[in-house]
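Just so it is clear, the values below take in all heavy atoms, side chains as well, and ignore hydrogens, waters and symmetry mates. Throughout, protein chains are lettered first and strands after them, A, B, ... in sequence-line order, and every chain is numbered starting at 1. These numbers were taken from a predicted model, which means no experiment stands behind them.
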Amino acid sequence: MSPRKRYWLMKSEPDAFSIDDLQRVGTEPWSGVRNYQARNHMRDMQVGDGVLFYHSSCAVPGIVGIATVATTAYPDPTQFERKSDYYDPKSTREQPRWDLVDVAFERKLKRVIPLEEIKQHAAALGDGFALTQRGSRLSVLPVTAAQWKLLLSLE
DNA sequence: GCCAACGTTGGC
DNA sequence: GCCAACGTTGGC
């Protein structure tokens, strides 16, 4: 028996990989996460969990689409590839440090929900919400059912 | 392009 | 085990 569906938010720079890219490929291994907290969140993911797709480092940062978790966590192959930007010499196949999940496209939002607007709901979203916490750079973060509902009600 | 905030590294 | 230095993230 699998635990009930959970929700997450995943950041991506649209110049590198956008929601349109995800729509085109359908499913994408979320490679390159090199932050332990973000990795641990991916290890907690279950197939079917909901993902808010967020564009960062762009003109209008914000939530742009919805995806679903398509696999449980498995070792990120790029950590073993010497030529990859994500190569980690401290990683071995016996003891990989970095995991990823595959993420599947579900839909684009009717409009971008800008960070600026999300911030106006910071109080309702709660102090613990990493996206609206000052200085937070976490790229994979948990979202509660209530936060998910609130954020998508802004669409 | 700037810079604040954060995580990691490495010297001691 | 501390902490300064460094590199990176990401909003603006």
Side-chain angles (χ1 to χ4, degrees), chain A residues 6-25 28-45 49-69 73-103 105-144 146-155:
Chain A
R6 281 184 289 179
Y7 303 97
W8 311 91
L9 182 145
M10 298 173 92
K11 296 181 186 174
S12 186
E13 297 185 23
D15 289 347
F17 190 80
S18 70
I19 188 71
D20 292 321
D21 292 323
L22 185 63
Q23 183 167 29
R24 193 174 314 117
V25 298
E28 177 75 4
W30 206 260
S31 60
V33 170
R34 296 294 179 268
N35 169 283
Y36 290 105
Q37 222 182 327
R39 178 204 67 183
N40 292 343
H41 287 318
M42 287 199 289
R43 287 181 173 176
D44 285 340
M45 291 181 183
D49 283 358
V51 175
L52 296 172
F53 196 107
Y54 178 93
H55 279 174
S56 65
S57 297
C58 55
V60 183
I63 298 166
V64 294
I66 297 176
T68 53
V69 174
Y74 64 94
D76 180 345
T78 63
Q79 71 194 301
F80 309 123
E81 295 165 8
R82 287 184 170 277
K83 280 173 282 184
S84 168
D85 287 344
Y86 303 124
Y87 176 65
D88 184 345
K90 291 178 186 155
S91 228
T92 65
R93 289 188 186 273
E94 292 70 32
Q95 288 200 304
R97 301 176 112 193
W98 306 111
D99 283 354
L100 55 71
V101 297
D102 288 3
V103 168
F105 178 81
E106 189 168 313
R107 68 177 178 91
K108 285 174 74 169
L109 298 191
K110 295 192 272 292
R111 67 175 188 105
V112 179
I113 302 172
L115 177 62
E116 190 183 21
E117 192 176 328
I118 294 168
K119 281 180 174 171
Q120 293 166 14
H121 300 272
L125 289 163
D127 293 341
F129 191 48
L131 193 69
T132 46
Q133 267 173 353
R134 188 159 160 268
S136 175
R137 303 178 314 181
L138 191 59
S139 64
V140 178
L141 51 119
V143 174
T144 67
Q147 288 163 344
W148 174 275
K149 196 176 165 190
L150 192 161
L151 289 166
L152 290 180
S153 77
L154 303 175
E155 185 181 359

- Between C:dG11 atom C1' and A:Lys119 atom NZ, what is the distance in whole Å? 7 Å

- Message: So that I can tick it off, tell me whether A:Asp88 and A:Arg34 are bridged by a salt bridge, with the cut-off set at under 4.0 angstrom between side-chain N and carboxylate O.
- Response: no

Shorter than 3.5 Å, N or O on both sides, protein versus nucleotides 5-9 of chain C: list them out with atom names.
unit_1 : atom_1 : unit_2   : atom_2 : d
C:dT8  : O2     : A:Arg137 : NH1    : 2.5

- Task: For A:Ile118 and C:dC12, give me the distance from atom CD1 to atom C1', rounded to whole Å.
- Result: 16 Å

- Query: Sequence neighbours excluded, which residues qualify as side chain to side chain contact (heavy atoms under 4.5 Å, CB included) partners of A:Glu81?
  - Reply: A:Pro77, A:Thr78, A:Ser84

- Taking the side chain as every heavy atom from C-beta outward, state whether A:Pro96 and A:Trp98 have any atom pair closer than 4.5 Å. no

- Query: What is the minimum heavy-atom distance between A:Met42 and A:Ala73, and which atoms define it?
  - Reply: O-CB, 3.8 Å

- Can you see which heavy atom on A:Gln79 is nearest to which on A:Tyr87, and at what distance? O-CD1, 3.3 Å

